[in-house]
Amino acid sequence: MNVPSAAPELFTWEFATDPYPAYAWLRQHSPVHWTKLPSGVEAWLVTRYSDAREALADSRLSKNPEHHAEDAGGKSKTGIPGERSANLMTHLLNIDPPDHTRLRRLVSKAFTPRRIAEFAPRVQQLTDDLIDGFASRGEADLIHEFAFPLPIYAICDLLGVPREDQDDLRDWAGMMIRHGGGQRGGVARSVKRIRAYLAELIHRKRDGLGEDLISGLIRASDHGEHLTENEAAAMCFVLLFAGFETTINLIGNGVHTLIRHPQERARLQESIRRGERALLDSGVEELLRHDGPVELATWRFATEPLVVGQQRIAPGDPVLVVLAAANRDPARFADPDTVDLNRRDNQHLGYGHGIHYCLGAPLARLEGRTALETLLRRLPDLQLAVDPDDLRWRGGLIMRGLRDLPVRFSAV
């Protein structure tokens with residue numbers, strides 16, 4: 001890896017393609033770095049593993065954007081695009097205890113090991129159905145035809161979205177991740193459509209509760225948990241949003257990494273052929289560490305003066321923990337730029353740390369394992385169909401993922 005000798009330019013298209021040399025420079029020379037983001041908002045970037053882990057668990061760094069020192073215009077440039085205007089702010093990514101504790105307790109019942117294990121056959125069915133749709137062609141775009149629809153349909157099933165409505169949710173969600181690739185204002189319009197649909201679905205479900213997550217939220221509210229309609233809609237929205245984009249990137253980045261590291265891929269394919277699981281499990285963790293789906297943890301705001309990595313942070317300052325930089329920190333991981341699917345002691349921060357650790361991580365891991373295992377087993381000679389330099393990464397601040405991933409393989 002060629003680390004720049006002078007301060008690198010951040011958030012360019014070249015940076016998006018490979019941000020890791022720039023992060024290596026920041027870790028060494030400016031580990032807690034004040035910068036202006038593409039939105040115009042200024043924030044601290046935390047890049048070292050030890051500092052990142054401490055910051056993620058520091059209660060003085062609030063998730064509530066009302067603590068941001070900026071005016072209302074500045075506040076609107078943080079968080080999920082469109083959530084403020086759609087009245088979807090009251091969710092786990094924007095609140096602190098005790099409300100965070102209350103809402104997380106309600107939703108966590110959907111992500112217990114037992115519930116995830118029960119959901120595994122459905123994830124396998126979705127995976128096989130999607131591969132069936134392109135396997136006979138010998139080519140596909142793995143983002144649009146596989147990595148994107150798989151988690152959308154899975155989270156819709158978990159929420160209790162009727163099958164006949166799921167393609168609409170898929171279309172609206174697709175607009176949310178284009179990051180300017182569609183019509184102007186398309187993201188905000190899609191968020192409002194999702195908000196309206198979720199409010200209507202919550203109302204409909206009151207007449208016939210099932211075993212899905214939305215029904216569970218309604219039951220909790222009816223039994224005195226004081227879950228408002230806005231809270232219920234916002235919770236469903238963030239589960240939908242966070243539940244599909246992270247998994248799209250886990251699958252897309254994971255396949256991309258395996259293609260670029262053929263020896264590690266061959267080890268994994270041989271392990272899968274023998275029906276073994278250990279290398280697949282550790283391999284998913286290594287893919288999460290090496291080029292994970294979440295580049296920066298979601299926004300935090302200092303509620304009082306504090307010090308992070310010997311840097312003084314003022315009240316109201318935004319702080320962004322750079323998970324991608326922390327996960328390549330040589331002070332924590334041996335040979336951090338090397339892909340080792342059998343890596344031990346791999347306590348990466350790919351899904352965060354502390355009370356805001358990603359609630360849906362067990363489901364994302366299930367989907368990632370199932371997708372990678374099935375692709376490598378059913379399409380063993382899978383290869384890129386374009387020059388690697390022609391791949392483009394999506395813009396945006398928090399997530400890291402490919403716009404598309406054209407592949408070819410022997411038709412089956």
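All values reported here derive from a predicted model rather than from experimental measurement.
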When you compare the side chain of [Y] with that of [X], does any pair of heavy atoms fall below 4.5 Å?
X: Val386; Y: Asp404; value: no
X: Val321; Y: Leu61; value: no
X: Leu288; Y: Arg365; value: yes
X: Arg260; Y: Pro388; value: no
X: Leu405; Y: Phe146; value: no
X: Leu397; Y: Leu296; value: yes
X: Arg369; Y: Arg277; value: yes
X: Pro293; Y: Ile248; value: no

> Given the rule in the side chain to side chain contact (heavy atoms under 4.5 Å, CB included) test, do Arg48 and Arg332 qualify, once you have shown the distances and angles that lead to the verdict?
Replying inline: CA-CA 9 Å; Arg48 288 180 177 168; Arg332 177 60 184 83; over 6 Å; no

Locate the shortest heavy-atom distance separating [X] from [Y]; write the atom from each residue and the value.
X: Ala326; Y: Leu349; value: CB-CD1, 4.0 Å
X: Met399; Y: Thr246; value: CE-CG2, 3.7 Å
X: Arg170; Y: Phe148; value: O-CZ, 3.3 Å
X: Glu139; Y: Phe409; value: N-CZ, 3.4 Å
X: Leu376; Y: Gln269; value: O-NE2, 3.3 Å
X: Leu323; Y: Leu56; value: CD2-CD1, 4.0 Å

Between [X] and [Y], is there a donor-acceptor pair closer than 3.5 Å when you use the side chain of the first and the backbone of the second?
X: Thr257; Y: Asn253; value: yes
X: Ser215; Y: Glu211; value: no
X: Ser282; Y: Leu341; value: yes
X: Arg392; Y: Trp13; value: no
X: Glu145; Y: Asp141; value: yes
X: Arg53; Y: Asp51; value: no
X: Thr374; Y: Thr370; value: yes
X: Arg400; Y: Ala16; value: yes

> Knowing that exactly one of Asp96, Ile95, Asn94, Ile355 qualifies, which makes a side-chain contact (heavy atoms from CB on, under 4.5 Å) with Lys63?
Replying inline: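 For Lys63, the side-chain contact (heavy atoms from CB on, under 4.5 Å) check succeeds only for Asp96.
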
>> If the test is side-chain contact (heavy atoms from CB on, under 4.5 Å), which one of Leu240, Leu201, Ile155 qualifies with Leu169?
In response: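 Among Leu240, Leu201, Ile155, the one meeting side-chain contact (heavy atoms from CB on, under 4.5 Å) with Leu169 is Leu240.
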
Gap between atom [atom2] of [Y] and atom [atom1] of [X] - 0.5 Å precision:
X: Asn64; Y: Leu93; atom1: CG; atom2: CG; result: 12.5 Å
X: Glu286; Y: Leu258; atom1: CD; atom2: CG; result: 10.5 Å
X: Tyr351; Y: Glu285; atom1: OH; atom2: CD; result: 8.5 Å
X: Leu150; Y: Thr247; atom1: CG; atom2: OG1; result: 7.5 Å
X: Asp340; Y: Asn346; atom1: CG; atom2: CG; result: 9.0 Å
X: Trp172; Y: Arg189; atom1: CH2; atom2: CZ; result: 13.5 Å

Is the closest side-chain donor-acceptor distance between [X] and [Y] under 3.5 Å?
X: Arg27; Y: Tyr49; answer: no
X: Tyr197; Y: Asp168; answer: no
X: Asn342; Y: Arg344; answer: yes

>> What I want to find out is whether Arg274 reaches Glu270 closely enough, with some N-O distance under 4.0 Å, to be called a salt bridge.
In response: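 Salt bridge between Arg274 and Glu270, a charged N being under 4.0 Å from a carboxylate O: yes.
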
> Within 45° of the six-membered ring axis of Phe333 and under 6.0 Å from that ring's centre, is NZ or CZ of Arg343 located there?
Replying inline: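 Not flagged: Arg343 not positioned over aromatic ring of Phe333.
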
> What residue pairs, at least two apart or across chains, pass salt bridge (charged side-chain N to carboxylate O under 4.0 Å, His left out) with a residue in residues 117-132?
Replying inline: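 Passing the test, one end in residues 117-132: Arg114-Glu118, Arg122-Asp157, Asp128-Arg378, Asp132-Arg378.
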
Show me the donor-acceptor pairs, under 3.5 Å and distance only, between side chains in residues 303-319 and residues at least two apart or in other chains.
| unit_1 | atom_1 | unit_2 | atom_2 | d |
| --- | --- | --- | --- | --- |
| Thr303 | OG1 | Arg60 | O | 3.0 |
| Asp317 | OD2 | Trp44 | NE1 | 3.0 |
| Asp317 | OD2 | Ala314 | N | 3.2 |

> Partners of Tyr23 by ring-ring contact (aromatic ring centres under 6.0 Å, His included), sequence neighbours excluded?
Replying inline: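 In terms of ring-ring contact (aromatic ring centres under 6.0 Å, His included), with neighbours along the sequence ignored, Tyr23 is linked to Phe15.
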
>> Does His356 form a side chain to side chain contact (heavy atoms under 4.5 Å, CB included) with His100? I'd like the steps, not just the answer.
In response: CA-CA 9 Å; His356 292 284; His100 176 272; 3.2 Å; yes

Please tabulate, for side-chain N and O atoms in residues 30-37, each donor-acceptor pair with protein atoms closer than 3.5 Å (sequence neighbours left out).
| unit_1 | atom_1 | unit_2 | atom_2 | d |
| --- | --- | --- | --- | --- |
| Ser30 | OG | His33 | ND1 | 2.8 |

> Going by the side-chain hydrogen bond (donor to acceptor under 3.5 Å, both in side chains) test, which pairs reach into residues 319-330, not counting sequence neighbours?
Replying inline: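 Residue pairs with at least one partner in residues 319-330: His290-Arg328, Arg328-Asp337.
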
> Between His256 and Trp393, is a side chain to side chain contact (heavy atoms under 4.5 Å, CB included) present by the stated rule, with each step listed?
Replying inline: CA-CA 12 Å; His256 178 246; Trp393 296 80; 3.8 Å; yes

> Listed by chain and number, what are the side chain to side chain contact (heavy atoms under 4.5 Å, CB included) partners of Pro8, not counting sequence neighbours?
Replying inline: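 For Pro8 the side chain to side chain contact (heavy atoms under 4.5 Å, CB included) partners, ignoring immediate neighbours, are Pro4, Leu10, Ala22, Trp25.
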
>> The test is side chain to side chain contact (heavy atoms under 4.5 Å, CB included); show your working for Gln166 and Ile152 and say whether it passes.
In response: CA-CA 8 Å; Gln166 292 185 7; Ile152 281 285; 5.9 Å; no

